[in-house]
Amino acid sequence: MRNKEELPECPVATTISLVGNKWKLMIIRNLMKRPWRFNELQRSLNGVSQKVLTDSLRQLENDGIIYRKDYNINPPKVEYGMTELGLELSKMLDIMASFGDFYKSKIQ
């Protein structure tokens with residue numbers, strides 16, 4: 001995890017630094033429902049490259065938002081899920097989803 005000195009002073013900027021791109025938000029949206037394996041995530045996120053997905057997952061894990069569970073079996077099995085800290089983001093995603101629905105209802 002980052003320390004406080006590495007984070008912006010503004011709390012909104014801090015949140016954006018943690019989840020401030022399309023792919024991270026979409027990963028979090030999926031992981032809110034259940035743990036996912038890497039290939040499942042990649043298939044569900046149309047257009048994400050393996051490198052971007054890997055980098056995003058590593059960043060989210062390093063920031064304590066998600067966990068990575070390695071089953072240490074052959075063939076390899078790894079899954080990703082939300083930490084308790086990450087689950088706090090569900091409120092923000094619910095608000096974003098509500099606004100998205102509202103916005104769509106206002107435009108034709």
Lys24 side, atom NZ; Leu89 side, atom CG - distance, nearest 0.5 Å:
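Interatomic distance, Lys24 NZ to Leu89 CG, rounded to 0.5 Å: 11.0 Å.
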How long is the gap from CG on Leu87 to CD1 on Ile65, to the nearest 0.5 Å?
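Here the interatomic distance stands at 10.0 Å.
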Report yes if some heavy atom in the side chain of [X] is under 4.5 Å from a heavy atom in the side chain of [Y]; otherwise report no.
| X | Y | result |
| --- | --- | --- |
| Trp36 | Ile27 | no |
| Val78 | Tyr71 | no |
| Ile16 | Val12 | yes |

Using atom types as modelled, flag every donor-acceptor pair under 3.5 Å from a side chain in residues 41-48 to any protein atom, sequence neighbours excluded.
unit_1: Ser44; atom_1: OG; unit_2: Asn30; atom_2: ND2; d: 2.8
unit_1: Ser44; atom_1: OG; unit_2: Glu40; atom_2: O; d: 3.4
unit_1: Ser44; atom_1: OG; unit_2: Leu41; atom_2: O; d: 2.9

Please say yes or no: joined through hydrophobic side-chain contacts below 4.5 Å, possibly via intermediate residues, are [X] and [Y] part of one cluster?
| X | Y | value |
| --- | --- | --- |
| Leu60 | Leu7 | no |
| Met92 | Met82 | yes |
| Ile66 | Leu93 | yes |

What's the shortest heavy-atom distance between Ile73 and Lys77, and which atoms?
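Taking every non-hydrogen atom into account, CD1-CB, 3.9 Å.
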Could you tell me whether the side chain of Thr83 and the main chain of Gly64 form a donor-acceptor pair under 3.5 Å?
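Yes.
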Between Tyr67 and Glu79, a side-chain donor and acceptor under 3.5 Å
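Absent: no donor and acceptor within the cut-off.
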